[in-house]
Amino acid sequence: GAVVSQHPSWVICKSGTSVKIECRSLDFQATTMFWYRQFPKQSLMLMATSNEGSKATYEQGVEKDKFLINHASLTLSTLTVTSAHPEDSSFYICSALEGGSSALETQYFGPGTRLLVL
Amino acid sequence: GNSVTQMEGPVTLSEEAFLTINCTYTATGYPSLFWYVQYPGEGLQLLLKATKADDKGSNKGFEATYRKETTSFHLEKGSVQVSDSAVYFCALSALYNFNKFYFGSGTKLNVKP
């Protein structure tokens, strides 16, 4: 089946630094990718929808300047947490929608990236 | 608004026991409902889905029925195996934006031999 990878799987950084997380669709093209955030024992919350070649669409309450999303190719989207602070510590999950499909079930999820900001 | 509530875990069962994980939802209109499973170190995988009231989704021995009257989509399996140990997420998709998910908080299932 389709595989989505994320890198790194976990990262620890100092407060004030920026962290980049990559999401790749390994064997299919993804015109649309999604970024989620999950707090311990809580739901996954959609942060933004990333469309290849255009600006990301952010959900209400998500700071665009804080969470920079770039979808430069059909297989790669990146999430950069700028000037990270301890409250940004979380589990970030991406998913990729197979190109040309609008069906919900063809959304494939990455394994997630755990970010810890000290 | 849209939201999903599922039972807290972890749920610990012995092999061959009966499994129920409760899921209820709040939604505008008639959403599609899903169960996703996440095995350790892997991404979420679609387990089953139902797109309208009274539909039953099934896969790998798991079943869930879309109950509009009780706004529920409980996951069941008659005989669990150790390999079913994972985290299970209930989710709905918004009627007007099918790519937008609303997830429950996940329920961890531990199956002991």
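In what follows, chains are A, B, ... by sequence order, proteins preceding strands, each numbered from 1.
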Got a sec: does the CD of B:Glu16 have more than 12 other heavy atoms crowding it under 6.0 Å?
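At most 12 heavy atoms, drawn from other residues, nucleotides or ligands, come within 6.0 Å of this atom.
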B:Met7 atom CE, neighbour heavy-atom count above 12 within 6.0 Å:
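Yes, because the 6.0 Å sphere around CE of B:Met7 holds more than 12 heavy atoms from other groups.
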Where on A:Glu59 is there a heavy atom nearer than 4.5 Å to chain B: the side chain, the backbone, both, or neither?
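Contact with chain B is through the side chain of A:Glu59 alone.
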Is B:Phe101 close to A:Phe34 at the side-chain level, that is, under 4.5 Å between some pair of heavy atoms?
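No. Closest side-chain heavy atoms not under 4.5 Å.
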Structural part of B:Phe89 lying under 4.5 Å from a heavy atom of chain A
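It is the side chain, since no backbone atom gets that close.
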So for B:Gln45, is it side chain, backbone, both, or neither that comes closer than 4.5 Å to the heavy atoms of chain A?
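Answer is neither: B:Gln45 stays 4.5 Å or more from chain A.
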Report yes or no: do [X] and [Y] belong to one cluster of Ile/Leu/Val/Met/Phe/Trp/Tyr joined by side chain heavy-atom distances under 4.5 Å?
X	Y	result
A:Val81	A:Phe91	no
B:Leu48	B:Val37	yes
A:Val11	A:Phe39	no

Are B:Phe103 and A:Tyr36 close enough that their ring centres sit under 6.0 Å apart?
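For B:Phe103 and A:Tyr36, the ring centres are under 6.0 Å apart.
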Over all heavy atoms of both residues, which pair between B:Ser105 and A:Ser43 is shortest? Give the atoms and the distance, please.
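So the two residues come closest at N-OG, 3.5 Å.
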